[in-house]
Amino acid sequence: MLIVSSLIIVNSNKIQGEPMKAVKKIIDNKFFPYIIITILSIIICIPLFAMNMSEYNEARIHIGRIVSVKQIILDGVFPNFISAKHMMGFGYALNIFYGILTTYIPVLISFITGSGIWALKIFTLITVAISGITMHNFVLEITTDSQKLKAFNVTKFTALLASLIYIAAPYKLTDIYARTAVGEYTAFIFIPLVFRGLYKLINDKEKANLYIIIGAVRINIITYNNDYICGNFCCNIFTM
């Protein structure tokens, strides 16, 4: 609330005194929104780092995927799709129902942390922060193009507020804390990219921006299939 109040005061164009000028200088810094997004992401994920994730819903599956794929890599098996040590030696396709993006990045982190659980927690924090950044950049582009918002000098404020709402949405928190839906909350990163690409394509008529859509959708497919289907439906509505 203090951050939001400060932004409202600064954007009211009633800056008085050196303290307020100093605040305005900080807020006008191009890195300020990303710092705020990172701070809120850390706050949101603080309870996560205190949880025993091995006791929660799908977390055990994802931790098992990270540990198993890491072991397959260490064993020198390639491609590392199937773990021969699962199902009493019959093997199991670990990533058959999950996108590879949500496995290999945590695996890389686990080589540093030495723990699959901590790798998943750190990966979750990263996805929350990056999803806020992609939403901020998307909304900032739209608001910058809006003459009304530019007239009131609230484009940066609107973009930051939208990103904070996006990363703290109850549905996303449910994905993280109740369902441990790794693929789903990772897909939150790419949804704003899809709509940003569509927005640029519709308004700028630049065919090059089609690659933004294609790239985002492809990554979304290898992250979470259901979000790809829902995102495709929303894109059709957006372009009408």
(request) Supply the atom-to-atom distance Ile44 CD1 to Leu48 CG, rounded to the nearest 0.5 angstrom. (result) 11.0 Å

(request) List the steps, then state whether side-chain hydrogen bond (donor to acceptor under 3.5 Å, both in side chains) holds for Glu141 with Asn137. (result) CA-CA 6 Å; Glu141 182 163 350; Asn137 293 343; over 6 Å; no

(request) Of all the heavy-atom pairs spanning Lys121 and Met51, show the shortest one and how long it is. (result) NZ-O, 2.8 Å

(request) Measure the CG-CE distance between Leu193 and Met135 for me, rounded to the nearest 0.5 Å. (result) 10.0 Å

(request) State yes or no: do Ile42 and Ile189 share one hydrophobic cluster built from I, L, V, M, F, W and Y residues joined by side-chain heavy-atom distances below 4.5 Å, directly or via other members? (result) yes

(request) Search all heavy atoms of Ile46 against all heavy atoms of Tyr177 and return the closest pair with its distance. (result) N-OH, 4.3 Å

(request) Please name the pair of heavy atoms, one in Leu120 and one in Met53, separated by the smallest distance, quoted to 0.1 Å. (result) CD2-CE, 3.6 Å

(request) Kindly work out whether a path of hydrophobic side-chain contacts (I/L/V/M/F/W/Y, heavy atoms less than 4.5 Å apart) joins Ile130 to Phe49. (result) yes

(message) Please give me the minimum heavy-atom distance between Pro33 and Asn29, naming the atom from each residue.
(response) CD-O, 3.7 Å

(request) Determine whether Ile43 and Val128 fall in the same hydrophobic cluster, where Ile, Leu, Val, Met, Phe, Trp and Tyr are linked whenever their side-chain heavy atoms lie under 4.5 Å apart. (result) no

(request) Output the distance between atom OG1 (Thr174) and atom CD (Glu184), rounded to the nearest 0.5 Å. (result) 10.0 Å

(request) Mind listing the closest non-hydrogen atom pair of Ile66 and Pro106 along with its distance? (result) CD1-CB, 3.5 Å

(message) With a 4.5 Å cut-off on side-chain heavy-atom distances among I, L, V, M, F, W and Y, is there a chain of contacts connecting Ile35 to Leu125?
(response) no

(request) To the nearest 0.5 Å, tell me how far Lys156 NZ sits from Leu161 CG. (result) 16.0 Å

(message) Distance check, rounded to the nearest 0.5 Å: Ile133 atom CD1 versus Ser41 atom OG?
(response) 7.5 Å

(message) Side-chain heavy atoms nearer than 4.5 Å, only ILVMFWY residues, links allowed to pass through others: does that put Phe111 and Val69 together?
(response) yes

(request) First locate atom CD1 of Ile112, then atom CD1 of Ile122, and finally report the distance between them rounded to the nearest 0.5 Å. (result) 8.0 Å

(message) Please find the pair of heavy atoms, one from Tyr185 and one from Lys172, that lie closest to each other, and give the distance.
(response) O-CE, 4.3 Å

(message) Keeping Tyr199 on the side-chain end and Phe138 on the backbone end, is there a donor-acceptor pair under 3.5 Å?
(response) no

